[in-house]
Every structure is written in C-alpha cells, then in structure tokens.
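Since we're looking at a predicted model, the values are computed, not measured.
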Amino acid sequence: TSVVSIARIDEMTKEITTTPIWLNQMLYDGAIMRSEKIPTVIAWYNQQLLVGKGAADLKYHLTKDVNVWYSFKMELGEDYGVKYPASELNQNSGFPILNPKDAVKVFFRYLKDQIDRYVKTNNFPSNIRYAVSIPASFEANQRKELIEALEQNGISLNNQSLIDEPNAAFLSYVVYSSSERNPIILPDGDNPKVLVFDFGAGTCDISILELGKDLNGIYSKNLSISKFEKLGGDDIDKLIAIEYLFPQLLQENGKTIEDF
C-alpha cells in the first residue's frame, strides 16, 4: 500500500501541515473510488490499465506477471532483462511492463498524474520537492533504480531525498509525542540509542538509531540496519494459509493431504 502526502507551510499559522491526498482509483466495473491509501498493484483488464483498488480486487482472478503485477518494489535492483516474457503489456503497448522497473515506472506515472491534479485543483504552487520513504535495508542498486524510475516521470530527487521507513516512523512518533505535550527530552551529553522494528507487507526492517543535539537542533542517524530480506506480511499470509486454513479445508471436505 502506498500513501502520498503534501507538506506545506500554512499561510495563516505559519506551521507545517501534512495532508494525505485522496487518490482516484478505477474499479474493474468502471466506477471510480477515492482513498488516501492505494494498493501498489497494476492490472491490465478489458484493454484498460487499472492501478490501485481495482487492480488489487483482480489479483487472484488474473495471472501474476501476465496481466496483474504486485510486490514489484521488492524486485528492484536485480538485472532481470525481460522478467515477464508473457506480459500482455509488451513493447508495442503504450506502457510496457517487462520487468520490475517498468512496473515501478507505470505506478509512479499514475501517482504523478494524481499529484498534479490535486495541486492544480487546490491552487498550490507547482514547484514541488519530493521525498520518498523506502525500506532501510534497500541496497544501492535498488535505490538507484527507484530514483531512475521516478525521474523518468518528472519526479526529480537525489539520494538525500530518500528517507528510510524506520526513520520516518520514528520522526512521526516524535511529532506525535510533542503534540500530545509529552515531548521527548534529550539529556545533555547523552546520545540515546533507539531500536525501531518495522514489519511491513514485503520487508522487515530493524534499525538502530542514535539521537543527538547539535546547532541545528535534534538529529537522528543510523548506527545499524538489518540485511535486506524478502520477509513480511506476504509470508505471514502464506503461513496462515498453509498451517491453518488448508487443514480446515481438508477436514471440512473429508479429505487428507494425500488426496492432493
């Protein structure tokens, strides 16, 4: 799932406000729904490209890597060439999807159109600065391919504009604590260490951060991050299906595993 937010300075209060954008998402029957959360899924259905909820609803009715694509962010940085040779969106289509980087480009093209629409509708300035949160364990080649996919859609940023998801989560916690009038107090001469455990759909990130104070205020920096592993909620789903749902299915239908 992806979320797009706009942070800007409120003209009245002069404070920074952060607002999630409600994104249009076409369903497979042609209806349009809006939500601040968008499943990171792409589908090609009835000669139409679907991104988000409509595509996610078709995940198990279509064929993965042929006419529906998901979990492609985890496969960035690997030199596949053509990983999806059976893709219905081939080189002759307007938006070919032959490998994970292609899928990321198509997904961000959609997001960019939605962002531009929101900015124009609300009469916001068009000179947008972008930041993108990523798994802390993303390696250099994965970060490079992500930046290239973004830049090819007019989203210009550099390595400093990528923020590790555990760091982003911790910053959110700091802001929330301050708003609750229970701010985090750093003792003088001490640099506390914080462990952030971030369990997502595709990755498990464990980061150890150091907090400190300097002339610019409070800072955080990575001391250690976990190795990149494709371990996450997807794997929990599979475990539940195999260990719990499948035995129930066998029992309810008077079958044994040997029948399969």
Side-chain angles (χ1 to χ4, degrees), residues 1-5 7 38-42 51 64-65 69-85 87 91 95-112 115 128-174 191 193-212 214 216 218-235:
T1 304
S2 298
V3 176
V4 180
S5 297
I38 175 170
T40 313
V41 185
I42 303 168
V51 179
K64 190 175 188 295
D65 300 339
W69 298 267
Y70 49 90
S71 298
F72 41 81
K73 184 179 76 171
M74 293 299 97
E75 298 170 337
L76 282 174
E78 300 179 30
D79 188 10
Y80 289 111
V82 176
K83 187 185 180 183
Y84 315 138
S87 172
Q91 288 287 14
F95 18 76
I97 300 181
L98 299 175
N99 54 48
K101 187 177 177 182
D102 286 343
V104 171
K105 285 195 302 188
V106 170
F107 183 75
F108 277 111
R109 182 188 307 175
Y110 168 82
L111 287 188
K112 180 66 162 56
I115 294 168
I128 302 173
R129 303 290 183 90
Y130 289 92
V132 179
S133 62
I134 59 172
S137 54
F138 250 30
E139 297 169 351
N141 54 341
Q142 293 170 299
R143 294 171 187 248
K144 178 176 177 290
E145 283 207 346
L146 177 63
I147 290 174
E148 289 173 353
L150 289 162
E151 289 179 339
Q152 288 169 357
N153 285 294
I155 301 176
S156 181
L157 70 170
N158 53 40
N159 282 311
Q160 284 70 42
S161 302
L162 299 178
I163 181 169
D164 294 345
E165 287 167 354
N167 301 50
F170 182 72
L171 287 174
S172 177
Y173 171 74
V174 170
N191 296 95
K193 314 298 187 290
V194 178
L195 184 143
V196 182
F197 185 87
D198 175 15
F199 192 80
T203 57
C204 175
D205 275 335
I206 303 171
S207 296
I208 299 176
L209 313 179
E210 179 184 280
L211 308 182
D214 59 19
N216 297 316
I218 294 176
Y219 69 87
S220 70
K221 68 177 182 180
N222 289 337
L223 291 183
S224 182
I225 58 176
S226 54
K227 178 183 176 183
F228 177 73
E229 294 283 0
K230 294 179 182 177
L231 170 68
D234 289 348
D235 302 288

Check [X] against [Y] and note the closest heavy-atom contact, atom names and distance.
{"X": "T40", "Y": "S2", "answer": "OG1-OG, 2.8 Å"}
{"X": "D235", "Y": "L231", "answer": "OD2-CA, 3.2 Å"}
{"X": "I38", "Y": "F107", "answer": "CD1-CE1, 4.2 Å"}

Checklist line | K193 atom NZ: more than 12 heavy-atom contacts under 6.0 Å | finding: yes
Item checked: Evaluation steps, side-chain contact (heavy atoms from CB on, under 4.5 Å), between K112 and Y130 -> CA-CA 11 Å; K112 180 66 162 56; Y130 289 92; 3.4 Å; yes
Is it true that a side-chain atom of [X] and a backbone atom of [Y] form a donor plus acceptor pair closer than 3.5 Å?
{"X": "N153", "Y": "L150", "value": "no"}
{"X": "D205", "Y": "A136", "value": "yes"}
{"X": "N222", "Y": "L209", "value": "no"}
{"X": "E210", "Y": "K221", "value": "no"}

Quick check for you: to the nearest 0.5 Å, what is the distance between [X] atom [atom1] and [Y] atom [atom2]?
{"X": "D198", "Y": "S226", "atom1": "CG", "atom2": "OG", "answer": "9.0 Å"}
{"X": "S71", "Y": "K64", "atom1": "OG", "atom2": "NZ", "answer": "6.0 Å"}
{"X": "N167", "Y": "S172", "atom1": "CG", "atom2": "OG", "answer": "12.5 Å"}

Identify each donor-acceptor pair in which a side-chain atom of residues 95-105 lies under 3.5 Å from a protein atom, sequence neighbours left out, and give them as a table.
unit_1, atom_1, unit_2, atom_2, d
N99, OD1, K101, N, 3.2
N99, OD1, D102, N, 2.9
N99, ND2, G81, O, 3.1
K101, NZ, E148, OE1, 2.5
D102, OD2, L98, N, 3.0
K105, NZ, Q152, OE1, 3.3

Determine whether [X] and [Y] make a side-chain contact, defined as any pair of heavy atoms from C-beta on separated by less than 4.5 Å.
{"X": "C204", "Y": "F197", "result": "yes"}
{"X": "S87", "Y": "W69", "result": "yes"}
{"X": "L146", "Y": "L162", "result": "yes"}

Next item on the list: Just jot down the salt bridge (Lys or Arg N to Asp or Glu O under 4.0 Å) partners of E139, sequence neighbours excluded, or say none.
Entry: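 So E139 forms no salt bridge (Lys or Arg N to Asp or Glu O under 4.0 Å) with any residue.
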Note to self: Parallel, tilted or perpendicular: which one describes the rings of Y173 and F170, with boundaries at 30° and 60°?
What the structure shows: tilted
Next item on the list: Provide the full list of salt bridge (charged side-chain N to carboxylate O under 4.0 Å, His left out) pairs with a residue in residues 160-170, sequence neighbours left out, each pair given once.
Entry: K73-E165, R143-D164
